[in-house]
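Reminder, nothing fancy here: chain letters follow the sequence lines and each chain counts from 1.
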There are 2 protein chains.
Amino acid sequence: MTSYGQFCPVAQALEIVGERWTLLVVRELLCGNYRFNQILNGVPLMSRSLLAARLRTLEDAGLVVHHPTGEYALTPSGRELEPVVKGLGIWGTRWARKDNRPEDNDPVLLMWDLHRNLHVDRLPAKETVVAFWLRDVEAKRSRYWLRIQKPEVELCLTNQGFEETLKIETTAQALIDVWMGHKPLNQALKSKAIAIEGPPGLVRDFPKWLKLNVFAPVPRPDVA
Amino acid sequence: MTSYGQFCPVAQALEIVGERWTLLVVRELLCGNYRFNQILNGVPLMSRSLLAARLRTLEDAGLVVHHPTGEYALTPSGRELEPVVKGLGIWGTRWARKDNRPEDNDPVLLMWDLHRNLHVDRLPAKETVVAFWLRDVEAKRSRYWLRIQKPEVELCLTNQGFEETLKIETTAQALIDVWMGHKPLNQALKSKAIAIEGPPGLVRDFPKWLKLNVFAPVPRPDVA
DNA sequence: CGGTATCCCCCGCGATACTG
DNA sequence: CAGTATCGCGGGGGATACCG
């Protein structure tokens, strides 16, 4: 990116982090995705070569270090971008895109987020497999399994022969609405937008396992 | 800008404000520059057509309204970007570009900032003209006059025949260092990096007239 | 002053293939 | 798995001229 030609620190910051994708890569690192392909998972529309270029730029600018193990990590400087990323998330939650675009409902992203944000301490002690069926997604990418072996939670894209303890039938849209805090889970369950089937005890407890997205509690603007 | 294809609010925010220049335009509006050419002044490397396009985009996205008077203004949504812009400024102050680039020292930008940030209540009651000579700037753009007629302060790029009360000889670099809080004004005066000439009373008071940049007080990272 | 309209160039980026 | 190398295109944006 060519310079903004300004001594203003806002401009100088944007020269480093203002390029397309860059702050989303930082977001991934802030969320704890340290490996190249993990990061790529979080920005599925980004090309491999571009991600490599961005990581290199961030490294050169001193926001990221690349460990010999292959892991990337934020430096103190990089970590201090958290307020900026958070600020953007809060603003986005309040003001961005009122219209849901189905093409933004990437189910892999959703399930990946979800499986990394469970209340581990509330999970059942016995091995449990939760099967998800997202009806509004093309068949190939519509089925997911959470394999809970406390404290591990594994996300599977195929059933590798295990028995399904809980079955959840819903849509990516409904799940995202809950995950993003747009709609309460209770309501989605009541309206059958999210339907759970299985042993009554587990069905009752399931809602307590879920954490919501970091931005779910952000107050929406008053529609005055 | 083509979509990021994500339901993450950070990504959705960046779809709106992540394009090159956009947040700098918002910064100008946050600073109180409401007219097209004023904004352009704050982003001198931006082309007129591009600024027009960006303002249009911001208007369409509901962050900006364009009044019949010709003035642009932020909506509540636009104003809520202040934490993001401020966050970038803080980060930039702490971590961006340790090397000063002379080409970033736009003297017009500097003088414009300066003249809009004086402690009006501390200014002399009598009409006063402060002449600036920036020795490190090409002759054509090296001279400026602040015409103080309380509570008005006017920035002039030519001497329209008025008498100079105070004469300040310095460099854009030195003045920026003070303005940005990199160096204390006292020190710059002592070392003659900034030299003031005129009636002793006014020379003594001048330092009290200046406000520093909003980011000047930001603590710099410890160099451990 | 406050923009639009048009043309055209460059480079950011995607696609694809290859490597250790 | 974690990238690099190369090629080719599309469109973002600069330059310039024009307008109300």
Side-chain angles (χ1 to χ4, degrees), chain A residues 1-6 11 14-25 28-29 32-61 64-73 103 106 108 112 154-157, chain B residues 1-6 11 14-26 28-29 32-61 64-73 103 106 108 112 154-158:
Chain A
M1 167 184 283
T2 119
S3 160
Y4 286 111
Q6 300 192 2
L14 285 171
E15 286 183 14
I16 299 173
V17 302
E19 282 184 309
R20 188 164 155 79
W21 292 110
T22 299
L23 280 175
L24 295 183
V25 173
E28 289 305 305
L29 290 166
N33 293 326
Y34 300 131
R35 309 210 64 97
F36 190 88
N37 284 346
Q38 295 260 320
I39 299 169
L40 206 54
N41 244 309
V43 283
L45 262 44
M46 196 178 188
S47 71
R48 305 176 64 72
S49 40
L50 188 52
L51 175 57
R54 285 290 186 276
L55 284 168
R56 166 69 55 110
T57 306
L58 286 172
E59 205 185 342
D60 292 347
V64 160
V65 284
H66 191 187
H67 290 294
T69 64
E71 295 198 318
Y72 294 88
E103 63 266 34
D106 186 312
V108 180
W112 182 259
E154 191 188 356
L155 174 66
C156 305
L157 308 191
Chain B
M1 169 185 283
T2 118
S3 160
Y4 286 113
Q6 300 192 3
L14 285 171
E15 286 182 13
I16 299 174
V17 302
E19 281 182 311
R20 186 164 155 80
W21 293 110
T22 299
L23 280 175
L24 295 184
V25 172
V26 171
E28 289 305 306
L29 291 166
N33 294 325
Y34 300 131
R35 308 209 66 97
F36 190 88
N37 284 345
Q38 297 260 320
I39 299 169
L40 207 54
N41 246 308
V43 282
L45 261 44
M46 196 178 189
S47 71
R48 305 176 64 71
S49 41
L50 188 52
L51 174 58
R54 285 290 186 275
L55 284 168
R56 166 70 56 109
T57 305
L58 286 171
E59 206 185 342
D60 292 348
V64 160
V65 285
H66 191 188
H67 290 296
T69 64
E71 296 199 317
Y72 293 87
E103 64 266 34
D106 186 312
V108 180
W112 181 258
E154 192 188 354
L155 173 67
C156 304
L157 308 191
T158 57

Plane angle bin for A/Tyr72 and A/His66 - parallel if under 30°, tilted between 30 and 60°, otherwise perpendicular: parallel
Between [atom2] on [N] and [atom1] on [X], what's the gap in Å once rounded to a whole number?
X       : N      : atom1 : atom2 : result
A/Tyr4  : D/dG14 : OH    : C1'   : 15 Å
B/Trp21 : D/dG13 : CH2   : C1'   : 11 Å
B/Arg20 : C/dC11 : CZ    : P     : 12 Å
B/Gln38 : C/dG2  : CD    : P     : 8 Å
B/Leu50 : D/dG12 : CG    : C1'   : 8 Å
B/Glu71 : C/dG3  : CD    : C1'   : 16 Å
A/Leu51 : D/dC1  : CG    : P     : 15 Å

Rounded distance [0.5 Å steps], OG1 in B/Thr22 versus CG in B/Leu14: 10.5 Å
Tabulate atom names and distances for all N/O pairs under 3.5 angstrom spanning the protein and nucleotides 18-20 of chain D.
none

Residue whose nearest DNA chain D nucleotide is more 5′ - A/Asn37 or B/Arg54: A/Asn37
State, yes or no, whether a side-chain contact exists between [X] and [Y] at a heavy-atom distance under 4.5 Å.
X       : Y        : result
B/Asn33 : B/Trp112 : yes
B/Leu45 : B/Trp21  : yes
B/Gln38 : B/Leu29  : no

Any donor and acceptor pair, going by atom type alone, linking the side chain of [X] with main-chain N or O of [Y] inside 3.5 Å?
X       : Y       : answer
A/Glu15 : A/Tyr4  : yes
B/Thr57 : B/Ala53 : yes
A/Glu28 : A/Leu40 : no

Derivation of the side-chain contact (heavy atoms from CB on, under 4.5 Å) call for B/Arg20 and B/Leu50: CA-CA 10 Å; B/Arg20 186 164 155 80; B/Leu50 188 52; over 6 Å; no
Candidate pair A/Val25 and A/Met46, rule side-chain contact (heavy atoms from CB on, under 4.5 Å), full reasoning: CA-CA 10 Å; A/Val25 173; A/Met46 196 178 188; 4.1 Å; yes
Considering all heavy atoms, the nearest B/Pro44-A/Gln6 contact: CD-NE2, 3.8 Å
Might you list the N or O atoms of the protein lying below 3.5 Å from N or O atoms in nucleotides 3-10 of chain D, with each pair's distance?
residue	atom	partner	partner atom	Å
D/dG3	OP1	A/Tyr72	OH	3.1
D/dG3	OP2	A/Tyr72	OH	3.1
D/dG3	N7	A/Arg48	NE	3.0
D/dG3	N7	A/Arg48	NH2	2.8
D/dT4	OP1	A/Arg56	NH2	3.4

Axial bend angle, the helix from C/dC1-D/dG20 to C/dG20-D/dC1: five-pair end segments, nearest 10°: 50°
Which nucleotide in D/dA2, C/dG14, D/dG14 has an atom nearest any side-chain atom of B/Ser47: D/dG14
